[in-house]
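What follows is one structure encoded as structure tokens, with my remarks underneath.
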Amino acid sequence: MQNFNKKLQNLYQEFLTKHDYQGWWPIKGRYFPKDYSSPKNSEERFEIIIGAILTQNTSWKNVEKSLQNLYENNLINPKAILSISNESLSDLIKSSGYYNQKAKKLKTVAEFYLKNKNKIPLREQLLKVWGIGKETADSILLYAYKHPIFVIDAYTENVVRSYLNLKTQDYDELQELFYKTLPKDYKLYNEFHALIVAEGKILNKT
DNA sequence: AGCCAGGCTACCG
DNA sequence: CGGTAGCATGGC
């Protein structure tokens, strides 16, 4: 077990050397390596939340195009999202796929965001929102609210399996692994998850 | 020309 | 309950 902890901690350094700082979460298409200050305001926070929805089972490349469309129409704020029709909204986010579902999800999230204005959401509250599951909730808590929450995704499962020879697919179990092993530091969790994605992308091709 | 991407919901047995 | 079809575009 001690050995396992050490392996996981070493993996962070290893990936950092290999991939360098990732600069997550991107704001307006730009990454800021080694800068963990975003979101700097409410608009950036809402942009991250929108991105977290749009990227569900979808490559970030496709999401960027949708976000660009939303900027151009001044839609990176909850009130604007709520005032546009479902048809127009889904049209703007078409490149992200599942656009009918996601248009609805964006509205549900916008409503939640307005209702809890200036409040930090709890994980259990986020999970009750239609369209937000564990990974999206955790991404929002980590990247939009800087909470020390470790995000688990398909890449994480893959990386843990190939580097640590652990083959669980259970979200909670995987998450617990990281909590038991790493200090609760949101910058560390931010970088580590981004590095796992960088590594996971390579892993899938080989 | 398939297969997959920074998942989630609804429904099935 | 656990398992899975459906959602849908763009890139490789």
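Scope of the values below: all heavy atoms of this structure, side chains included, with no hydrogens, waters or symmetry mates. Order of the sequence lines sets the chain letters (A, B, ...), proteins ahead of strands, with each chain counted from 1.
Using C1' as the reference atom, dA5(B) and dG3(C) are 22 Å apart when rounded to the nearest Å. Of the P atoms belonging to dC3(B) and dA5(C), the separation is 14 Å, rounded to the nearest Å. With both ends at atom P, the span from dG2(B) to dA8(C) equals 22 Å, rounded to whole Å.
Rounded to an integer number of Å, the gap from D138(A) CG to dG7(B) P is 13 Å. Between K94(A) atom NZ and dC7(C) atom C1' there is a gap of 14 Å when expressed in whole angstrom units. Between the CD1 atom of I93(A) and the C1' atom of dC7(C) there is a distance of 12 Å, given to the nearest Å. To the nearest angstrom, P of dT9(B) lies 13 Å from CG of N57(A). Atom CH2 in W130(A) sits about 8 Å away from atom C1' in dC8(B), given to the nearest Å. In this structure, Q56(A) atom CD and dT9(C) atom C1' are separated by 15 Å, rounded to whole Å. Rounded to whole Å, the distance from CG on L54(A) to P on dA8(C) is 13 Å. As rounded to whole Å, 17 Å separates atom C1' of dA8(C) from atom CD1 of I53(A).
For an aromatic pair to be called close, the ring centres must be under 6.0 Å apart, and W25(A) with W60(A) satisfies this.
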Can you check ring-ring contact (aromatic ring centres under 6.0 Å, His included) on Y186(A) and Y143(A), steps first, answer last? CA-CA 9 Å; Y186(A) 90 85; Y143(A) 290 105; 9.3 Å; no
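Position along DNA chain B of the nearest nucleotide to H193(A) versus I132(A) favours H193(A) as the more 5'-ward residue. Both N158(A) and G131(A) lie close to DNA chain B; mapped to their nearest nucleotides by heavy-atom distance, the more 5′-ward contact belongs to N158(A).
Here the straight-line distance linking atom NZ of K107(A) with atom CH2 of W130(A) works out to 13.0 Å at 0.5 Å rounding.
Nucleic acid contact for S96(A): none, since no nucleic acid atom lies under 4.0 Å from a heavy atom of the residue.
For the pair K187(A) and Y36(A), the cation-pi test (distance below 6.0 Å, angle within 45°) is failed.
Sorted by residue number, the list of members of residues 61-68 of chain A with any non-hydrogen atom under 4.0 Å from DNA chain B is empty. Within residues 29-44 of chain A, the residues approaching DNA chain B are Y31(A), by heavy-atom distance under 4.0 Å. The stretch residues 97-105 of chain A comes close to DNA chain B through Y98(A), Q101(A), K105(A), each having a heavy atom under 4.0 Å from the strand.
The residue from K105(A), Q101(A), E135(A) that alone fulfils the side chain to side chain donor-acceptor pair (under 3.5 Å) condition with Q56(A) is K105(A).
Considering only side-chain atoms of S95(A), the nucleotide from dT9(B), dG7(B), dG10(C) that sits closest is dG10(C).
Within 6.0 Å of CD on E111(A) lie no more than 12 heavy atoms contributed by other residues, nucleotides or ligands. More than 12 heavy atoms of other residues, nucleotides or ligands lie within 6.0 Å of NZ in K146(A), so this atom counts as buried by the packing criterion.
Side-chain contact check for T17(A) versus Y12(A): every heavy-atom pair is 4.5 Å or farther apart. Between Y113(A) and I50(A) there is no side-chain heavy-atom pair separated by less than 4.5 Å. Counting only heavy atoms from C-beta outward, the side chains of L92(A) and N73(A) approach each other to under 4.5 Å. Counting heavy atoms from C-beta outward, Q175(A) and I149(A) have side chains that approach closer than 4.5 Å.
Between the side chain of T55(A) and the main chain of G51(A), no donor-acceptor pair closer than 3.5 Å is present.
One finds no side-chain N or O of T55(A) lying less than 4.0 angstrom from the OP1 or OP2 phosphate oxygen of dG7(B).
Summarising the base pairing, dA1(B) is matched to no nucleotide, lacking a Watson-Crick or G-U wobble pair whose two defining distances lie under 3.5 Å.
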